[in-house]
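Since the structure comes first, as structure tokens, the remarks are kept for the end.
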Amino acid sequence: LMIREFKLKDIDAIAEELSTRICHPIVLFDGSMGMGKTTLINALCKQLDSIDPVSSPTFSLVNEYKTKEGKSIFHFDCYRLESPEEAYDFGAEEYLDSGSTCLIEWAERIHSLLPKEVHRIKLDYVDQNTRKIAFS
């Protein structure tokens, strides 16, 4: 478990540290709107050697980024899902079972599809330039 406050300008250093701690392919990102989940995922993808630009998959539900080694990183945004069944419709299970890194925002909406072994990253507001991060 890691809990600390950080300045948003230091997000790359936080992402670098997280990249050394991640040992499960499924990483859940919790935090209300505007906490910096997508920004952190962007920084984390750079640490994981993504060669593709990171953008929020709010409308596509899932984006795929390729790494320098040709591996896939999947970035989910489940905010618009009404039920776990909708996740089945876009093939969430195949992504989750692929062994590839899956970075998931609003994961509580597909809770029933998730494996037991996951990492959780929770972001909380401290002030305009500061967030608290909890990694487990």
Side-chain angles (χ1 to χ4, degrees):
L1 182 69
M2 169 184 105
I3 299 176
R4 77 163 60 111
E5 290 184 4
F6 71 97
K7 297 287 185 196
L8 291 175
K9 66 178 177 56
D10 298 327
I11 203 158
D12 289 329
I14 289 292
E16 183 176 7
E17 182 176 351
L18 289 172
S19 72
T20 67
R21 293 172 176 254
I22 292 172
C23 57
H24 303 300
I26 312 294
V27 185
L28 314 181
F29 291 78
D30 294 327
S32 55
M33 209 59 99
M35 280 302 104
K37 295 181 297 293
T38 303
T39 304
L40 179 56
I41 287 171
N42 188 3
L44 189 56
C45 284
K46 285 183 201 158
Q47 291 300 320
L48 298 174
D49 288 334
S50 171
I51 55 174
D52 293 321
V54 171
S55 62
S56 179
T58 302
F59 297 103
S60 58
L61 301 175
V62 62
N63 286 345
E64 180 179 2
Y65 313 124
K66 288 292 188 185
T67 67
K68 291 175 185 164
E69 300 81 33
K71 294 180 182 167
S72 293
I73 299 170
F74 297 108
H75 176 193
F76 293 72
D77 183 338
C78 300
Y79 182 75
R80 294 185 329 122
L81 293 182
E82 300 291 326
S83 70
E85 288 72 37
E86 288 184 44
Y88 283 109
D89 292 345
F90 75 79
E93 274 190 311
E94 288 81 30
Y95 296 115
L96 295 170
D97 293 341
S98 69
S100 295
T101 300
C102 293
L103 309 174
I104 307 174
E105 299 182 54
W106 305 100
E108 63 275 8
R109 301 195 183 210
I110 61 166
H111 183 268
S112 61
L113 301 181
L114 299 172
K116 286 182 175 39
E117 296 289 320
V118 298
H119 289 295
R120 288 189 186 281
I121 295 174
K122 181 155 177 40
L123 293 174
D124 286 305
Y125 185 86
V126 176
D127 64 35
Q128 190 173 355
N129 299 308
T130 311
R131 299 293 183 269
K132 183 171 97 178
I133 187 169
F135 172 84
S136 58

**Report entry** Over 12 non-hydrogen atoms of neighbours within 6.0 angstrom of OH in Y125
**Finding:** yes
Query - Any side-chain heavy-atom pair of R21 and H119 under 4.5 Å - result: no
Report summary line: Sequence neighbours excluded, the answer for side-chain contact (heavy atoms from CB on, under 4.5 Å) partners of D124 is K122, K132
Report task. List for me each residue that meets side-chain contact (heavy atoms from CB on, under 4.5 Å) alongside S100, sequence neighbours excluded, and say none if there are none. Result -> S72, F74, S98
Report task. Could you go through the side-chain contact (heavy atoms from CB on, under 4.5 Å) check for E64 and Y95 one step at a time? Result -> CA-CA 10 Å; E64 180 179 2; Y95 296 115; 5.8 Å; no
Query raised in the report: Within the side chain of Y65, is there an N or O that forms a donor-acceptor pair under 3.5 Å with the backbone of K46?
Result: no
Query raised in the report: Minimum heavy-atom separation for K68 to I51, with atom names?
Result: CG-CG2, 3.5 Å
**Report entry** V118 reachable from I22 in the ILVMFWY side-chain graph, under 4.5 Å edges
**Finding:** no
Report task. List the steps, then state whether side-chain contact (heavy atoms from CB on, under 4.5 Å) holds for L81 with F90. Result -> CA-CA 11 Å; L81 293 182; F90 75 79; 4.1 Å; yes
Query raised in the report: For E117 and I26, what are the C-alpha separation, side-chain angles and deciding distance, and is it a side-chain contact (heavy atoms from CB on, under 4.5 Å)?
Result: CA-CA 8 Å; E117 296 289 320; I26 312 294; over 6 Å; no
Query - Shared hydrophobic cluster for M35 and F135 (ILVMFWY, side-chain gaps under 4.5 Å) - result: yes
Query - Euclidean distance, H111 NE2 relative to W106 CH2, rounded to 0.5 Å - result: 16.0 Å
**Report entry** Validation row: Q47, L18 side chains within 4.5 angstrom (heavy atoms)
**Finding:** no
**Report entry** Same apolar cluster: I73 and F76, side chain cutoff 4.5 Å
**Finding:** no
Report task. Any chance you could measure R131, atom CZ, to K37, atom NZ, to the nearest 0.5 Å? Result -> 10.0 Å
Report summary line: CG (L40) and SG (C45) are apart, to the nearest 0.5 Å, by 9.5 Å
Query raised in the report: Does atom NZ of K71 have more than 12 heavy-atom neighbours from other groups under 6.0 Å away?
Result: no
Query raised in the report: Taking all atoms of both residues into account, what is the closest heavy-atom pair of P25 and G99, and its distance?
Result: CB-O, 3.8 Å
Query raised in the report: Out of curiosity, does L103 fall in the hydrophobic cluster containing L114 (side-chain heavy atoms, cut-off under 4.5 Å, transitive links)?
Result: no
Requested in this report: Flag yes if I3 and I121 sit in one hydrophobic cluster, no otherwise; membership is Ile, Leu, Val, Met, Phe, Trp, Tyr, and two members link when side-chain heavy atoms are under 4.5 Å apart.
Outcome: no
Query raised in the report: What's the spacing between H24 NE2 and K116 NZ if we round to 0.5 Å?
Result: 13.5 Å
Report summary line: All heavy atoms of L28 vs all of A107, minimum pair found to be CD2-CB, 3.6 Å
Query raised in the report: Knowing that exactly one of N42, L61, V54, L44 qualifies, which makes a side-chain contact (heavy atoms from CB on, under 4.5 Å) with H75?
Result: V54
**Report entry** Point-to-point distance, once rounded to the nearest 0.5 Å, from SG of C78 to CZ of R109
**Finding:** 8.5 Å
Report summary line: When T130, N129, I11 are each screened for side-chain contact (heavy atoms from CB on, under 4.5 Å) with F6, the one that passes is I11
**Report entry** Distance-minimising heavy-atom pair for A92 and L113
**Finding:** CB-CD1, 4.1 Å
Report task. Given side-chain contact (heavy atoms from CB on, under 4.5 Å), test N63 with D52 step by step and report yes or no. Result -> CA-CA 10 Å; N63 286 345; D52 293 321; over 6 Å; no
Requested in this report: Any chance you could measure F29, atom CZ, to D77, atom CG, to the nearest 0.5 Å?
Outcome: 12.0 Å
